[in-house]
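Have a look at the structure below before the remarks.
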Amino acid sequence: QVQLVESGGGSVRAGGSLRLSCSASGYTLSRACMAWFRQIPGKGRDMVASIYTFGDGGPTGYADSVKGRFTISWDNAENTLYLQMNSLKPEDTAMYYCAARKLPCAVSAYAYESTSWGQGTQVTVSS
């Protein structure tokens, strides 16, 4: 399986921005399903944004709660997934994880054992 390492988390004030990175190694992730999930204590992981890595672009999807504020992108040359988070809100506070898998890209498919996960990076937004 591919190894994923997230970075870029931290603490910011509401309205601020952060850029999360997810570096992939061990496998070239072209034509793969990749996504950012977030989790707060006591809750399950919720998908925040997803992308199909076709070249440097591909179809993307966002949770309603982050549309217009978050942007997911993929750098094929760097084998790195990004999540640009703007206009952050306290309710965005969570542990953020990146995930990768081959087709299918359905949200439910990320529960399969064939999905690779990073270790997570904490994002804390204060009011």
Side-chain angles (χ1 to χ4, degrees):
Q1 284 188 328
V2 65
Q3 288 78 51
L4 303 173
V5 179
E6 301 100 332
S7 60
S11 297
V12 295
R13 298 291 295 273
S17 298
L18 284 173
R19 187 194 195 202
L20 305 184
S21 300
C22 174
S23 178
S25 62
Y27 196 83
T28 299
L29 290 171
S30 61
R31 302 196 182 197
C33 312
M34 297 201 74
W36 288 97
F37 286 73
R38 65 187 181 188
Q39 185 175 27
I40 59 176
K43 300 285 188 179
R45 291 184 185 181
D46 295 321
M47 181 180 282
V48 173
S50 63
I51 189 169
Y52 182 67
T53 60
F54 187 75
D56 276 335
T60 59
Y62 297 92
D64 287 341
S65 59
V66 306
K67 279 181 182 176
R69 300 189 298 121
F70 290 12
T71 303
I72 189 171
S73 61
W74 168 252
D75 187 321
N76 199 50
E78 298 293 329
N79 224 31
T80 299
L81 181 72
Y82 297 100
L83 184 68
Q84 178 66 44
M85 305 187 295
N86 299 327
S87 301
L88 283 161
K89 304 175 180 180
E91 51 263 43
D92 295 317
T93 295
M95 184 72 79
Y96 284 71
Y97 298 89
C98 69
R101 58 167 296 100
K102 290 295 188 180
L103 291 169
C105 296
V107 174
S108 58
Y110 282 87
Y112 300 165
E113 289 186 2
S114 54
T115 298
S116 298
W117 292 91
Q119 83 289 349
T121 185
Q122 177 69 37
V123 171
T124 302
V125 184
S126 59
S127 57

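Source: prediction; values computed, not measured. Residue numbers start at 1 and run along the sequence shown.
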Closest heavy-atom contact between [X] and [Y]?
{"X": "S127", "Y": "P90", "result": "CB-CG, 3.9 Å"}
{"X": "S17", "Y": "N86", "result": "OG-OD1, 2.9 Å"}
{"X": "G58", "Y": "I51", "result": "O-CG1, 4.1 Å"}
{"X": "L81", "Y": "S73", "result": "CD1-O, 3.3 Å"}
{"X": "Q39", "Y": "G44", "result": "CG-O, 3.8 Å"}

Original post:
ring-ring contact (aromatic ring centres under 6.0 Å, His included): which pairs involve residues 83-122, sequence neighbours left out?
Top reply: F37-Y110, F37-W117
**OP:** Scan T80, L4, T121 and name whichever one has a side chain to side chain contact (heavy atoms under 4.5 Å, CB included) with C22.
**Re:** L4
**OP:** With sequence neighbours excluded, tell me which residues meet side chain to side chain donor-acceptor pair (under 3.5 Å) with S126.
**Re:** none
Original post:
Of all residues at least two apart in sequence or in a different chain, which pass the side chain to side chain donor-acceptor pair (under 3.5 Å) check with K43?
Top reply: none
How many angstroms lie between atom [atom1] of [X] and atom [atom2] of [Y], to the nearest 0.5 angstrom?
{"X": "M85", "Y": "T71", "atom1": "CE", "atom2": "OG1", "value": "11.0 Å"}
{"X": "N79", "Y": "S25", "atom1": "CG", "atom2": "OG", "value": "8.0 Å"}
{"X": "N76", "Y": "F54", "atom1": "CG", "atom2": "CZ", "value": "10.0 Å"}
{"X": "S23", "Y": "D75", "atom1": "OG", "atom2": "CG", "value": "10.5 Å"}
{"X": "T115", "Y": "M34", "atom1": "OG1", "atom2": "CE", "value": "11.0 Å"}

Between [X] and [Y], is there shared hydrophobic-cluster membership here, with clusters defined by ILVMFWY side-chain heavy atoms closer than 4.5 Å?
{"X": "V2", "Y": "W74", "answer": "yes"}
{"X": "V123", "Y": "V48", "answer": "yes"}
{"X": "F70", "Y": "V107", "answer": "no"}
{"X": "L18", "Y": "V125", "answer": "yes"}

Do [X] and [Y] have side chains that get closer than 4.5 Å, going by heavy atoms?
{"X": "S21", "Y": "E78", "value": "no"}
{"X": "Q119", "Y": "E6", "value": "yes"}
{"X": "Y52", "Y": "T60", "value": "no"}
{"X": "M47", "Y": "W36", "value": "no"}

Subject >> V66 and R38: CA distance, side-chain angles, deciding distance, side chain to side chain contact (heavy atoms under 4.5 Å, CB included) verdict >> reply: CA-CA 12 Å; V66 306; R38 65 187 181 188; 4.0 Å; yes
**OP:** Ignoring hydrogens and angles, tell me if any N or O in the side chain of T124 forms a donor-acceptor pair with the backbone of T93 under 3.5 Å.
**Re:** no
Subject >> Ionic contact status for D92 with K89, cut-off 4.0 Å >> reply: no
